[in-house]
Engineer: 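Below: one structure in structure tokens.
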Amino acid sequence: TDHTDADQSMPNGQRAWRMTLWYTNIACLKTKKEYLASRVATAQIKPHIIMATESKLDPSTPDNNPEISIDGYTIERRDRNANGGGCILYYRNGIALHRRQDLEPAEHEIMIFTVKLDTGNLLMSLLYRPPGNKNCAPINLYTENLDHLRSKTRAIGTILAGDYNAPGRKTLTLCTTHGLSQLVKGPTHKKGNTLDLIMCDVPNLCSEVEIEAQVGNSDHYLLEQSS
């Protein structure tokens with residue numbers, strides 16, 4: 001099993017994971033999958049993990065359907081329906097990723113995972129908060145419960161990603177409460193708004209995210225975070 005490359009840069013002798021993560025709001029996966037697969041195939045370093053929101057899938061589309069599958073990757077997903085919402089994650093075959101559905105709230109579009117490192121688990125979460133929704137409960141849920149999630153998963157590091165559609169003060173409170181760095185420093189939407197975020201507390205992963213061209217005709221840009 002691939003526990004990925006490691007070094008000695010983390011404190012207390014913890015070995016840090018070297019990773020390439022992609023995230024985007026893909027605005028209907030089926031219409032963008034070929035663009036995404038082409039980006040993966042031609043990437044100099046293929047991403048270990050790809051996260052996307054607004055997948056717009058329902059259970060009638062199985063994971064092995066060519067409309068959504070990407071060679072060399074396993075899928076985890078949380079569907080809403082074919083008209084909106086939804087989250088999906090691809091991870092390279094061999095990576096020791098485990099979905100923690102037992103920790104996912106039923107009322108919010110949130111997925112929770114652990115990735116096995118040599119010395120512990122990396123906690124990862126993907127969130128989609130719909131635009132125009134004044135309810136900040138999904139973000140408040142992280143603020144109030146992240147320490148509990150870290151404890152339940154025995155996490156030595158945390159990465160939160162997603163389309164937050166959120167006031168900056170809410171995510172600032174989340175970051176300051178839990179020692180996270182918000183890594184996205186520019187607009188992630190073609191209208192100039194920063195809607196998509198990646199937050200992290202792993203020292204060697206806390207470098208500024210690259211904002212790349214959108215996938216197909218999505219109105220959100222692709223975020224690439226590498227260590």
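Because only heavy atoms are used, hydrogens play no part in the values below, and waters and symmetry mates are left out as well, while side chains stay in.
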Engineer: Between Thr188, Thr53, Asn25, which is the residue that forms a side-chain hydrogen bond (donor to acceptor under 3.5 Å, both in side chains) with Asp163?
Structural biologist: Asn25
Engineer: Indicate if Leu89 and Ile159 have the same hydrophobic cluster label, given that clusters are the connected sets of ILVMFWY residues with side-chain heavy-atom separations under 4.5 angstrom.
Structural biologist: yes
Engineer: Heavy atoms, side chains only, cut-off 4.5 Å: are Phe113 and Ile49 in contact?
Structural biologist: no
Engineer: Test of understanding: with salt bridge (Lys or Arg N to Asp or Glu O under 4.0 Å), list the residues that count as partners of Arg150, not counting sequence neighbours.
Structural biologist: Asp147, Asp201
Engineer: Between Asn93 and Thr74 (side chain of the first, backbone of the second, donor and acceptor by atom type, cut-off under 3.5 Å), is there such a pair?
Structural biologist: yes
Engineer: Out of curiosity, does Leu126 fall in the hydrophobic cluster containing Tyr128 (side-chain heavy atoms, cut-off under 4.5 Å, transitive links)?
Structural biologist: no
Engineer: For atom NZ of Lys46, is the number of surrounding heavy atoms from other residues, nucleotides or ligands below 6.0 Å larger than 12?
Structural biologist: yes
Engineer: Return yes when atom CG of Asp71 has more than 12 non-hydrogen atoms of other residues, nucleotides or ligands closer than 6.0 Å, and no otherwise.
Structural biologist: no
Engineer: Can a side-chain donor-acceptor contact be found between Thr61 and Lys30 if the only test is distance below 3.5 angstrom?
Structural biologist: yes
Engineer: Keeping Asp58 on the side-chain end and Ser60 on the backbone end, is there a donor-acceptor pair under 3.5 Å?
Structural biologist: yes
Engineer: Please answer whether the main-chain N or O of Gly84 pairs with a side-chain N or O of Asn81 as donor and acceptor at a distance below 3.5 Å.
Structural biologist: yes
Engineer: Evaluate the side-chain proximity of Thr171 to Gln182: yes if any heavy-atom separation is below 4.5 Å, no if none is.
Structural biologist: no
Engineer: Would you say His48's side chain and Arg92's backbone share a donor-acceptor pair under 3.5 angstrom?
Structural biologist: no
Engineer: Quick one: does Ser55's side chain get under 4.5 Å of Arg77's, heavy atoms only?
Structural biologist: no
Engineer: So Met19 and Gln225, do their side chains get closer than 4.5 Å, heavy atoms only?
Structural biologist: yes
Engineer: Measuring only between side-chain heavy atoms, which start at C-beta, is Thr158 closer than 4.5 Å to Leu149?
Structural biologist: no
Engineer: Any side-chain heavy atom of Tyr91 sitting closer than 4.5 Å to one from Met124?
Structural biologist: no
Engineer: Can you tell me if Glu54 uses its side chain to pair, donor with acceptor, with the backbone of Lys56 under 3.5 Å?
Structural biologist: no
Engineer: Heavy atoms, side chains only, cut-off 4.5 Å: are Pro47 and Glu224 in contact?
Structural biologist: no
Engineer: Give me the other members of the hydrophobic cluster that Val215 sits in, counting Ile, Leu, Val, Met, Phe, Trp and Tyr linked by side-chain heavy atoms under 4.5 Å, directly or via other members.
Structural biologist: Trp22, Ile26, Leu29, Tyr35, Leu36, Val40, Ile50, Leu57, Ile68, Ile70, Tyr73, Ile75, Ile88, Tyr90, Leu222
Engineer: For a 4.5 angstrom cut-off between non-hydrogen side-chain atoms, does Ser69 reach Asn64?
Structural biologist: no
Engineer: Does Lys191, at its NZ atom, have more than 12 non-hydrogen atoms belonging to other residues, nucleotides or ligands within less than 6.0 Å?
Structural biologist: no
Engineer: Answer yes if Leu195 and Ile110 sit in the same cluster of Ile, Leu, Val, Met, Phe, Trp and Tyr residues linked by side chain heavy atoms under 4.5 Å apart, and no otherwise.
Structural biologist: no
Engineer: Side chain of Gln214, backbone of Asp219: donor and acceptor closer than 3.5 Å?
Structural biologist: no
